[in-house]
Amino acid sequence: MAFFRGLTAVSRLRSRVAQEATTLGGVRWLQMQSASDLDLRSQLQELIPEQQDRLKKLKSEHGKVQLGNITVDMVLGGMRGMTGMLWETSLLDPEEGIRFRGLSIPECQKVLPTAVKDGEPLPEGLLWLLLTGKVPTKEQVDALSKELLSRSSVPDHVYKAIDALPVTAHPMTQFTTGVMALQVESEFQKAYDKGMPKSKFWEPTYEDCLNLIARLPPVASYVYRRIFKDGKTIAADNALDYAANFSHMLGFDDPKMLELMRLYITIHTDHEGGNVSAHAGHLVGSALSDPYLSFAAALNGLAGPLHGLANQEVLLWIKSVIDETGSDITTDQLKEYVWKTLKSGKVVPGFGHGVLRKTDPRYTCQREFALKYLPEDPLFQLVSKLYEVVPPILTELGKVKNPWPNVDAHSGVLLNHFGLSEARYFTVLFGVSRSIGIGSQLIWDRALGLPLERPKSITMEWLENYCRKAAA
């Protein structure tokens, strides 16, 4: 149900000219737009009516079409494999990995605007893509960067709310507190309290989401500096783009680190709607809770060790390998340590995925970044060895459907190389980036008038009785 299907050859993505427009799944693809098209909200406003009509047509013509069967295993297994949600901004294929509006990560790296020649995509470009289904020009991305900067002022009460917590509180606790404190600025809540037609819900939602996305880097960097740098904050640099400015406010100005932050935020933005954080944001938003409340719920899901906290666990586990065996670990020693971890009843963090059945493309692009900028880094070399050692062991164990590394297996090592070594903070970075995907979908949830989410639950007794009757 994405706006358009991916093109088979990336070169075709570059070949559009200003006057060309091709319909791909219902959205006009324009590689180049005029200066009058620099406003993201105006672009979105043009697209919404046709997508509303598209949804109505789907419901009227195909509303009774079955999408599959539900088994007891699905009900008892966390609803895995159960199709039950509309999520327009991305689609996850078990074999190919994530596609953002039909584009794979390598395709996004080729066509989205960059800050430096042959560099990593700017997250603002992906935000434009997720909201409109169009690849933006550099001019459009630059305009969006300036708009986000203009929205990025954070009220003092937000910092006071964070300061009310012990400095020892987990970074995600402090970050989520900051988001909740921002909620008093909600344009959606103000507009809803005054009364407004449902067809206009998307407008204050758009304002809230862009404000939220813009204000998260200052809040997140404040949390980092408060906990790890004695509260000495760094002012924003108005000449920098979104990701680079975030890195700067954290205290990292190495041009390679700026590129890493652009890559990191881009690839972590969205991973379709079924993961815990995305689903939590969508679910809470379906009650017409404003984007701040919805995103706070998403962050609380992201903070779980089975979701976003995993990137923290990976680096800590890798360091534990070195602490116990030394930095010159052999392949046989590494195999022994992996088996030791598994036999103790623990998992090897960073491997496996609830949907993917191949190596996560987000892992692959991070590996390519490491090969380009830090091939001799000892932790990167250990990650490379793990890539060779762990999948065969997990396959031999026979208990996992996907033995391959996921996005978390690599990100911590890259951040650590450039000095961001505080693993407890990594999930906050994840949260900042995930706001772009969740926020984009929340805007479309309101634009399309998606209803309150309310699935049916059952008891074990109901299941037993149903299965007994089915077998009779």
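Just so you know, residue 1 is the first one in the sequence shown, and it goes up from there.
In this structure a side-chain-to-backbone donor-acceptor pair under 3.5 Å is missing from Ser247 to Ala244. Between the side chain of Glu313 and the main chain of Pro305, no donor-acceptor pair closer than 3.5 Å is present.
No donor-acceptor contact under 3.5 angstrom links the side chains of His248 and Asp237, judged on distance only. Judged by distance alone, the side chains of Gln441 and Asp445 do bring a donor and an acceptor atom under 3.5 Å apart. Counting only N and O atoms by type, the side chains of Arg434 and Ser277 include a donor and acceptor under 3.5 Å apart. Judged by distance alone, the side chains of Thr233 and Arg226 never bring a donor and an acceptor atom under 3.5 Å apart. A donor-acceptor pair shorter than 3.5 Å can be found between the side chains of Glu124 and Ser145. Side-chain contact check for Trp87 and Asp270: at least one donor-acceptor pair (N or O, by modelled atom type) lies under 3.5 Å.
Under 4.0 Å is where a charged nitrogen must lie from a carboxylate oxygen, and between Glu50 and Arg54 no such pair does. Lys138 and Asp142 are joined by a salt bridge, as a carboxylate oxygen and a charged side-chain nitrogen come within less than 4.0 angstrom of each other. Ionic pairing of Lys190 and Glu185 is not present here: no N-O contact between side-chain nitrogen and carboxylate oxygen is shorter than 4.0 angstrom.
The side-chain contact (heavy atoms from CB on, under 4.5 Å) test with Thr176 is passed by exactly one of Val428, Leu299, Leu302: Leu299.
Residues Phe418 and Phe252 keep their aromatic ring centres 6.0 Å or farther apart. Ring to ring, Phe369 and Tyr373 are close: their centroids are under 6.0 angstrom apart.
Residues Ser435 and Ile213 approach most closely at OG-CG1, 3.7 Å, considering heavy atoms. For the residue pair Leu126 and Thr266, the shortest heavy atom distance occurs at CD2-O, 3.2 Å.
Every ring-ring contact (aromatic ring centres under 6.0 Å, His included) that Tyr363 has, sequence neighbours left out, goes to Tyr387, His410. For Lys200, the salt bridge (Lys or Arg N to Asp or Glu O under 4.0 Å) criterion is met by Glu203, not counting sequence neighbours.
Ring geometry, His268 versus Tyr264: the interplanar angle falls under 30°, so the pair is classed parallel (tilted spans 30 to 60°). Classification of the Phe228-Tyr224 ring pair by plane angle, with boundaries at 30° and 60°, yields tilted.
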(request) I would like to know whether Gln43 and Asp39 meet side chain to side chain donor-acceptor pair (under 3.5 Å); could you show each step before the answer? (result) CA-CA 7 Å; Gln43 291 278 307; Asp39 180 54; over 6 Å; no
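Listed by first and then second residue, the side chain to side chain donor-acceptor pair (under 3.5 Å) pairs that reach into residues 254-263 are Asp241-Arg262, Glu259-Arg262, sequence neighbours excluded.
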